[in-house]
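The block underneath contains the structure these notes are about, expressed in structure tokens.
Just follow the structure's listing: the first ligand is 1, and inside any ligand the first atom is 1. Along the sequence shown, residues are numbered consecutively beginning with 1.
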Amino acid sequence: MKPDKLYFSFLIDCEATQPAVNDKKLGERSSRSFGAVLEKHGLRGTFHVIPTDIEASPKVYRDLHAAGHEIGLHLHPAADGYAEFFGVYGPDEQRKILSEAKDRFVSSLGFEPGSLCIGYGSVNDFSYGVFHDLGFRHGTTCIPTRVLPECASVHAGKPLDLHYAHRWNRVLVGDLDYVEVPCTLDPDSRMWGGKHPLDLRVELVDTKNHWYTIKKAVDRQVAAKTPVKQIRGATHNTFEFGAKGDFRRETLEGIIRAAQSIAEAAGLDLKGVTTRELAAIYRKTVPLGSTATHLALDRRGYLSGAAAKPIESANKKKSAGKRKARA
Ligand SMILES: [Zn+2]
């Protein structure tokens, strides 16, 4: 029997021209060197880029695209003159904000964006329908178990694994042809006062901590027989991945080594993929519509009107015996 596969992907959110960072050169260095580190290990990444980074450095992203990396769209509405969080908007405003960003992407790069990523994971129950209507078919647009209402980013109850989105509810599995590809995370290790799970974001912790997150995620998927098993890391183009000895570069390479050794120990065949490739594998493995949630109230706790029977005591015989002895 062929060994089961473990798919491995990495995304980078490119937003160095955001007002808070405002360093185009850093963004270019970081994106190019992140791509080079992945290529050194035979991998191709998914770059989610905000419109202002694309317009500042179109050649960088055309070159990365030509080298086989996936170039997708990242969105921080504040960088385009809107409010900070996408998830506070209604469907018409979301459609306007996202279609403007997509148009800027296409007119700068000359091709359609692949994967989609919304800043802060700030989405609401209108968002998946808007993504689909605008032609997006896959992305990382949730952070399962996160409860961060101050960023309109609440994902408690969201599946940890790949799934089709639901048009009207952001946490349910649905039959919308949009494959959600969550990053790897540990739902039990909490950060930021317990609101955010420790995820496989390079800059959050060191290789040792990421090792435990990967190991736990692999063990869980093997035990659950998850149809498409995956490990997915993330980062931002605000770190010097090109500098030897840079802590973030070392952590990035540490995550790659950890994924390799954990997959090997589990007897899994590790395969590098972009988000587009992973979504295509998911579509082939899990037919659209076969997993949609059919909701039903769990009625097991609704007791009938029958009177409760007496409960037999575990110590009945022993105590009866004692009474007899005393008599
Ligand atoms: Zn971002």
Side-chain angles (χ1 to χ4, degrees), residues 9-35 45-57 60-61 64 69-89 94 97-98 100-102 104-105 108-109 113-124 127 130-131 136 138-144 146 148-155 158 170 180-185 191-192 195-204 232-241 248 251-252 275:
S9 66
F10 239 109
L11 68 82
I12 180 166
D13 288 347
C14 303
E15 51 187 277
T17 56
Q18 261 226 64
V21 184
N22 196 21
D23 192 340
K24 168 189 154 174
K25 288 285 167 206
L26 169 64
E28 292 183 345
R29 275 199 313 278
S30 183
S31 288
R32 282 199 188 277
S33 53
F34 174 78
T46 299
F47 292 70
H48 295 123
V49 197
I50 60 171
T52 48
D53 268 42
I54 295 167
E55 288 162 353
S57 322
V60 171
Y61 296 101
L64 287 162
H69 299 281
E70 178 175 354
I71 312 299
L73 183 64
H74 191 36
L75 191 68
H76 276 277
D80 305 326
Y82 295 97
E84 187 82 36
F85 304 112
F86 188 74
V88 303
Y89 286 108
Q94 288 189 16
I97 296 166
L98 186 57
E100 284 172 5
K102 187 184 169 187
R104 288 167 68 186
F105 181 107
S108 281
L109 295 184
S115 184
L116 176 65
C117 179
I118 305 292
Y120 307 100
S122 182
V123 296
N124 61 29
S127 305
V130 171
F131 302 159
F136 292 95
H138 60 274
T140 295
T141 34
C142 73
I143 304 171
R146 173 190 264 197
L148 207 58
E150 57 267 49
C151 299
S153 182
V154 177
H155 302 273
K158 187 79 170 161
R170 71 190 181 287
E180 176 65 58
V181 187
C183 283
T184 296
L185 56 85
M191 311 186 78
W192 308 346
K195 295 180 172 190
H196 178 77
L198 171 57
D199 58 22
L200 206 55
R201 195 179 310 201
V202 172
E203 56 270 29
L204 277 191
R232 182 165 178 78
T235 190
H236 292 81
N237 72 336
T238 48
F239 305 109
E240 299 284 3
F241 294 110
R248 268 54 183 255
T251 309
L252 169 61
T275 314

Q. Is it true that Tyr61 and His69 have ring centroids separated by less than 6.0 Å?
A. no

Q.
Looking only at side-chain N and O atoms, does Ser57 offer a donor or acceptor that is under 3.5 Å from a partner on Glu28?
A.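 Ser57 and Glu28 do have a side-chain donor-acceptor pair below 3.5 Å.
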
Q: Identify the heavy atoms of Val202 and Leu252 that sit nearest to each other, and give their distance.
A: CG1-N, 4.0 Å

**Q.** Partners meeting side chain to side chain contact (heavy atoms under 4.5 Å, CB included) with Ser33 (sequence neighbours left out)
**A.**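 Expected list: Phe241.
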
Q.
Could you work out, with side chain to side chain contact (heavy atoms under 4.5 Å, CB included) as the rule, every residue matching Cys183, not counting sequence neighbours?
A.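 Here the qualifying residues are Leu11, Thr140, Arg232, Ala234.
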
Q: Count up the protein N, O or S atoms sitting under 2.8 Å from the Zn ion (ligand 1), would you?
A: 3

Q. Glu15: what forms a salt bridge (Lys or Arg N to Asp or Glu O under 4.0 Å) with it, not counting sequence neighbours?
A. none

